[in-house]
There are 2 protein chains.
Amino acid sequence: MTDTRWLDAEEQRAWRAYLDATRLMIRAFDQQLQTDAEVSFTDYELLVKLSEAPGRRLRMRDLADATMSTRSGVTRAVTRLEQLGWVRRVECEDDRRGTHAELTPAGLAKLAAAAPGHVTAVREHLFDQLTPAQVDHLAEAFGQVADALQRPRAGGAQPEPDSRGDGHARRISAARAG
Amino acid sequence: MTDTRWLDAEEQRAWRAYLDATRLMIRAFDQQLQTDAEVSFTDYELLVKLSEAPGRRLRMRDLADATMSTRSGVTRAVTRLEQLGWVRRVECEDDRRGTHAELTPAGLAKLAAAAPGHVTAVREHLFDQLTPAQVDHLAEAFGQVADALQRPRAGGAQPEPDSRGDGHARRISAARAG
DNA sequence: TCCCAATATTTGCGGCGTCAACTAAAGTCA
DNA sequence: TGACTTTAGTTGACGCCGCAAATATTGGGA
């Protein structure tokens with residue numbers, strides 16, 4: 001183990017600004033959605049992902065990948081949303097282990113009702129503060145960061161033997177493009 | 001209410017990349033700290049803020065402001081850390097309502113032990129993915145976003161009369177500079 | 001000094017998230 | 001086909017968080 005490379009002044013500044021802004025934004029969006037539409041930010045995003053999927057349905061695992069969440073997190077979220085009538089579970093035809101989460105008409109209506117206020121808040125707190133060039137920079141930078149985190153790290157520490165070979169990364173990329 | 005200004009393609013790209021990267025990073029940092037040092041990310045940051053404060057102590061409210069958290073959140077966090085022996089509560093001399101949270105030597109030691117691994121992870125997942133120019137852009141952009149969120153919005157909706165006049169904004173700025 | 005609005009902190013309640021363990025169903029291979 | 005591994009989804013235990021209400025002080029007039 002070599003000596004730690006500490007953050008320099010500019011990195012510190014970036015890191016703290018990022019963390020501060022993120023906490024403030026997430027809380028602001030959560031509150032806005034909660035008070036104006038009675039949905040949590042997490043649930044809202046889950047509804048968005050379903051609304052964009054073909055047939056407005058997604059397998060639980062794909063929903064987890066699409067929302068950058070965990071399987072258990074999605075299980076609980078879908079249970080919540082199912083009880084609210086905004087999502088329903090549909091068994092897989094070809095794989096008896098699988099379950100689809102499908103957006104109901106009520107769920108779509110809820111999403112349509114919540115979207116304008118949410119987008120307005122995102123614009124107000126984030127995009128109205130940035131120039132178009134800054135938006136480009138942001139997309140580029142975080143695209144790189146997200147990709148690196150989804151890819152089994154190259155010269156990394158000491159994880160499994162090597163690659164995983166299955167369709168995991170491919171599935172995630174497909175979801176992120178959607 | 002005017003029509004909603006939806007996000008254009010580039011804004012969508014930026015927004016999703018940001019959210020995805022953020023979720024993945026936060027989870028990665030939480031796991032790293034938890035497994036390597038048995039501290040949560042939140043608690044780690046709280047310890048950092050205390051370590052940087054004069055006398056290694058901060059009033060609860062200032063700790064809340066510094067961590068972009070809520071008062072109740074800080075109360076619970078400090079209770080946790082107090083039980084672990086890393087922080088202790090000290091009553092205010094001049095204001096009997098007030099309580100200081102003070103980092104103990106054990107807390108400082110824990111922080112020193114956890115820091116290298118954490119900084120290494122932050123570097124790996126974030127800064128190693130970015131050019132110095134991107135780091136500058138990021139600091140600038142999120143600095144603007146965080147400032148806007150901390151400032152009572154100018155032409156905003158219908159909040160309190162106008163300014164608040166007290167030392168709130170000043171206190172936050174001081175903390176963010178530290 | 002007495003009354004009342006503001007501030008500091010805590011706590012009851014409930015939402016939401018993760019990990020690890022568990023069940024069920026595929027897939028693999030001899 | 002039978003044994004073993006992998007994958008999908010769920011759940012139990014537990015931790016963290018925030019709001020709103022409660023408690024204790026403070027500060028500012030009347």
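Just so it is clear: chains get the letters A, B, ... in the order the sequence lines come, proteins before strands, and each one is counted from 1.
Considering only side-chain N and O atoms, A/R80 lies under 4.0 angstrom from the phosphate OP1 or OP2 of C/dC16. In this structure, B/R59 reaches the C/dT9 phosphate: one of its side-chain N or O atoms is under 4.0 Å from OP1 or OP2.
For A/L46 and C/dC16, the CG to P distance is 12 Å, given to the nearest whole Å. Between the C1' atom of C/dT11 and the CD atom of B/E82 lies a distance of 15 Å, rounded to the nearest Å. A/F41 has its CZ atom 18 Å from the P atom of D/dC17, to the nearest Å. B/Q34 places its CD atom 11 Å from the P atom of C/dA20, with the value rounded to the nearest Å. The separation between B/Q32 atom CD and C/dT18 atom C1' is 17 Å, rounded to whole Å.
Position along DNA chain D of the nearest nucleotide to A/G98 versus A/Q31 favours A/G98 as the more 5'-ward residue. Take the nearest nucleotide of DNA chain C for A/S40 and for B/T75: the residue whose nucleotide is more 5' is B/T75. Between A/V39 and B/S72, the residue anchored nearer the 5' end of DNA chain C, judged by the nucleotide with its closest heavy atom, is B/S72.
In the set C/dT18, C/dT9, D/dT10, the nucleotide with an atom closest to the side chain of B/R27 is C/dT18. Proximity note for A/R71 (side chain, C-beta onward) versus D/dT11, D/dT10, C/dT10: the nearest is D/dT10. Set against D/dA13, D/dG18, D/dC17, the side chain of A/R76 has D/dA13 as its closest nucleotide.
Residue contacts for B/T79: at a heavy-atom cut-off of 4.0 Å it reaches no nucleic acid atom on any strand shown.
Annotation: proximity of residues 89-97 of chain A to DNA chain D (heavy atom, distance under 4.0 Å) is found for A/R89, A/R97, numbered in ascending order.
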